[in-house]
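For the numbers below, each heavy atom of this structure counts, side chains included, while hydrogens, waters and symmetry mates do not. Letters A, B, ... are given to chains in the order of the sequence lines, protein chains preceding strands, and every chain is numbered from 1.
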Amino acid sequence: MSSYLDELNEAQREAVLQKEGPMIIIAGAGSGKTRVLTYRIAHLMKNGVDPFNILSLTFTNKAAREMKSRIAGVVGPSEAKNLWMGTFHSVFARILRSEAEKLGYPSNFTIYDTQDSVRLISSIIKELQLEKEKYKAKQVLGRISQFKNSLITVRAYYQNPELIEADKVSGRPKIGSIYKEYVDRCFKAGAMDFDDLLLRTNELLTRFPEVLAKYQDRFRYILVDEYQDTNHSQYLIVRALADRYQNICVVGDDSQSIYAFRGANIKNILNFQKDYDDVKMFKLEQNYRSSSTIVQAANSVIDKNKTKLDKEIWTANQEGESIKIMRTFSEGDEGRFVANSIFENKMQQQLPNNSFTVLYRTNAQSRAIEDALRKKNIKYKIYGGLSFYQRKEIKDTLAYLRLLVNPNDEEALKRVINYPARGIGQTTVDRLVIAANHYKISIFELLHQLDGLSININSGIKAKLNNFRDMIRSFQIEAASKNAFEVADLVVKKTRLIRDIESEGTPEAVSRVENVQELMNGIKDFIEEQHQKEEDASLAYFLEDVALATDFDKDKEDVPRVSLMTIHLAKGLEFPYVYIVGLEENLFPSAMSMNTRSEIEEERRLFYVALTRAQKQVYLSYAQSRYRWGKLIDCEPSRFLEEIDEKYIDFISPKKEQAAGNKFINKDIFGIPDENRIRFKKPLVRKVEKPLKKTAAKPVQVKPAKNLKKLSDMQGSQNLFDHDLLQGNYVEHAKFGKGEVLSVEGTGNSKKAEIRFESGDTKKLLLQFAKLKIIG
DNA sequence: TTTTCAAGAATTTTT
DNA sequence: TTCTTGAAAA
């Protein structure tokens with residue numbers, strides 16, 4: 001019976017055996033945290049705890065699924081089935097569905113994703129006639145999100161002079177009005193955004209003691225993974241639920257807290273011992289994942305942080321290779337370096353592609369890496385970025401489905417009311433929104449009484465609106481007797497959505513059609529899976545699944561691929577070989593996170609997370625110049641590079657033919673960093689923080705020669721460049737025809753020419769875009 | 001109302 | 001560079 005206990009070390013075993021009471025497990029990177037969690041749950045079940053009474057909250061759906069299947073391996077699948085496991089968002093969305101009426105919500109409420117929220121806020125800003133330069137929708141949403149995660153309701157906001165003052169000072173006194181309208185509109189649409197899922201859960205548990213008691217009694221054992229990344233709202237939920245039985249086990253690592261930007265509060269983990277009585281603390285300090293070089297190098301970095309819990313990560317693993325640092329000329333070279341190095345390692349060690357990952361700070365960096373990997377014919381997969389479910393064609397299709405499940409869903413309706421085009425223009429939609437607000441009903445309800453109410457819409461368009469309404473109604477009727485796939489199929493056919501995409505005739509259109517088909521297949525798979533698990537396979541449930549899904553969740557393994565992702569996404573994963581690219585000031589650490597000590601510390605933790613993903617070897621690289629916003633920027637190496645203890649690093653020299661060619665990893669060159677080292681060290685001594693803006697806005701150097709080649713390759717014709725376009729030249733434009741250059745102004749990318757065309761028109765064109773050909 | 005094209009904005013990180 | 005927005009043309 002205790003076979004699984006034998007697989008644990010001392011600290012791990014103690015943590016597993018501690019059955020009751022509040023406890024915290026500080027789990028260093030690679031210390032077998034998941035193993036402890038799964039065995040702990042299995043152990044509880046083997047000792048008479050009903051799985052029905054265990055709630056386990058993880059950070060991603062993927063983690064939940066993995067853990068569940070591992071537990072099933074220990075206790076058997078039928079036992080594991082009743083466990084409640086998932087992310088905060090998915091677990092509480094489920095609970096909210098069954099309790100929604102208490103809060104005045106329909107149980108089929110929609111979940112707005114970030115894009116829906118931003119669109120709604122933009123629309124509100126417009127309706128309130130605020131300047132959109134001052135009120136940037138994304139920023140406003142960020143602010144509202146802060147409020148919600150701190151449980152500041154609209155009313156609480158208006159009662160808090162400090163907040164009001166702060167928004168006044170920042171030049172956005174109307175934030176409160178937007179907040180109020182946003183909340184009202186979401187409510188009217190029967191929609192919750194991500195933050196609402198937590199906020200409304202708190203509301204539910206506070207306002208209805210009997211509901212709280214019910215779930216307290218149900219969840220007698222609560223486990224929270226990645227506790228360092230919980231926000232205040234999540235913290236309160238956990239505290240409320242655990243209050244009765246106090247069987248709360250939180251797991252985390254303060255050194256891996258990387259989500260402060262979305263409200264995560266590292267104090268939750270630092271103060272856990274103050275929140276509960278008699279807290280037992282366990283520390284998992286032995287790293288099983290990485291070579292000792294990597295562990296010690298990572299330690300030397302994280303030691304620079306002041307705010308952290310006391311712990312000492314160590315490993316019994318072998319020393320391994322030193323960490324390699326590569327300086328490259330440009331991001332393109334960086335990509336080639338990575339691709340070549342992966343290729344070499346693959347060949348020499350006979351490894352599959354999925355032994356490698358490339359990590360970066362921002363999604364935009366993936367392009368150069370992709371290009372290089374493609375050239376080398378190395379298969380890769382990108383995680384994150386524009387995810388499948390965020391693509392336009394997918395969102396459009398889903399919007400129809402959302403609308404028929406919840407016809408009050410305003411964002412879904414606005415998305416599809418004129419897509420595919422059916423002659424209902426923006427003006428009409430604007431009028432509908434205003435009228436719906438005025439009569440305090442949803443747009444869909446409004447569509448039922450177009451004749452009864454006084455709305456300034458002519459009869460031709462009214463007929464079109466009625467047609468649209470009837471179509472949605474007919475979908476709803478069909479939905480009652482059909483399964484999710486059949487409904488979706490019907491919608492796609494009836495709306496001619498696919499035909500509309502196809503009619504574009506571009507190669508991209510083909511892949512977009514394929515995406516829609518893939519979505520349909522996804523629905524099919526979903527239904528099958530749910531039937532197997534004997535769970536809800538309704539359309540509504542599918543939509544919830546999709547709203548809370550991330551890219552990791554639809555991972556279909558075919559061939560092994562190199563993983564490309566942001567460091568944030570890499571948390572919790574491990575790979576034999578890890579490449580961390582773009583180690584440059586203003587990129588990593590990010591220019592937007594250099595203002596305060598705590599921001600820099602979070603960036604440093606991020607770097608720590610990146611390093612500790614690696615089992616065998618880490619490669620770091622930085623480019624001396626990089627395109628950002630289409631401009632070439634000079635870069636300085638990241639301060640983090642010099643924070644790694646020197647004894648663990650080696651420099652790779654960037655020889656020209658190596659950067660471009662094939663032979664790269666050459667033992668000889670590891671040892672000759674002298675020249676590099678000197679050049680590397682010097683600019684790194686930066687005791688006083690420079691004003692960052694300056695570096696960011698460094699004069700742009702456009703390299704004419706390089707550009708020339710690139711552009712002309714692309715357009716297959718002679719192109720103009722700053723230096724060779726003069727007043728008086730005759731040029732030809734693909735669209736406007738021939739013309740004479742009247743004047744030239746601006747420099748670099750903003751260089752414009754005023755041209756009088758033969759048609760008589762005079763236009764000012766940006767040379768960057770206008771494909772001009774000199775003809776005389 | 002719809003489509004097209006030029007101009008402008010944008011890059012942290014995500015459930 | 002790529003995506004979004006806005007104005008003008010159809």
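Counting heavy atoms from C-beta on, the side chains of A/K62 and A/L573 come closer than 4.5 Å.
Closest approach to the A/F261 side chain among B/dT14, B/dT2, B/dT11 is made by B/dT14 (side chain taken as heavy atoms from C-beta onward). Each of B/dT12, B/dT13, B/dT1 was ranked by its minimum atom distance to the side chain of A/T427; first place goes to B/dT1. Comparing B/dA10, B/dT14, B/dT11 against the side chain of A/K136 picks out B/dA10 as the nearest. Of the candidates B/dT11, B/dT15, B/dT1, the closest approach to any side-chain atom of A/T428 belongs to B/dT1. Of the candidate nucleotides C/dT2, B/dT15, B/dT14, C/dT2 has the atom lying nearest to any side-chain atom of A/R367. Closest contact between the side chain of A/A421 and the listed nucleotides B/dT12, B/dT2, B/dA10 involves B/dT2. Here the side chain of A/W629 is nearest to one of B/dT11, B/dT2, B/dT14, namely B/dT11. Distance from the side chain of A/I461 is smallest to B/dT1 among B/dT12, B/dT1, B/dT15.
Ranked by how close their nearest DNA chain B nucleotide is to the 5' end, A/N418 and A/S90 are led by A/N418. For the pair A/R361 and A/L198, both in contact range of DNA chain B, the more 5′-proximal nearest nucleotide belongs to A/R361.
A/Y259 comes within 4.0 angstrom of the backbone, heavy atoms only, and of no base. Nucleic acid contact for A/D195: none, since no nucleic acid atom lies under 4.0 Å from a heavy atom of the residue.
Put simply, A/K631 has no side-chain N or O that comes within less than 4.0 Å of OP1 or OP2 on B/dA9. One finds no side-chain N or O of A/N363 lying less than 4.0 angstrom from the OP1 or OP2 phosphate oxygen of B/dT11. For the pair A/N149 and B/dT15, the criterion of a side-chain N or O lying under 4.0 Å from OP1 or OP2 is not met. Contact annotation: A/T566 does not reach the phosphate of B/dT12 (side-chain N/O to OP1 or OP2, under 4.0 Å).
Look at B/dA6: its Watson-Crick or wobble partner, with both distances under 3.5 angstrom, is C/dT5. When both pairing distances are held under 3.5 Å, B/dT14 makes no Watson-Crick or G-U pair with any nucleotide shown.
By the 30° and 60° cut-offs, the orientation of the rings of A/F261 relative to A/Y259 is tilted. Under the 30°/60° scheme for interplanar angles, the aromatic rings of A/H89 and A/F194 are found to stand perpendicular.
For the pair A/K464 and A/F468, the cation-pi criterion (under 6.0 Å, within 45° of the ring axis) is not fulfilled.
As a whole-Å value, the separation of A/M592 CE from B/dT12 C1' is 7 Å. As a whole-Å value, the separation of A/Y419 OH from B/dT1 P is 20 Å.
If you take atom P in B/dT13 and the same atom in C/dT4, they sit 15 Å apart, rounded to whole Å.
The main-chain N or O of A/K462 is never found under 3.5 Å from a side-chain atom of A/S459 such that the two would form a donor-acceptor pair.
A donor and an acceptor atom, one from each side chain of A/Y182 and A/D193, are located under 3.5 Å apart.
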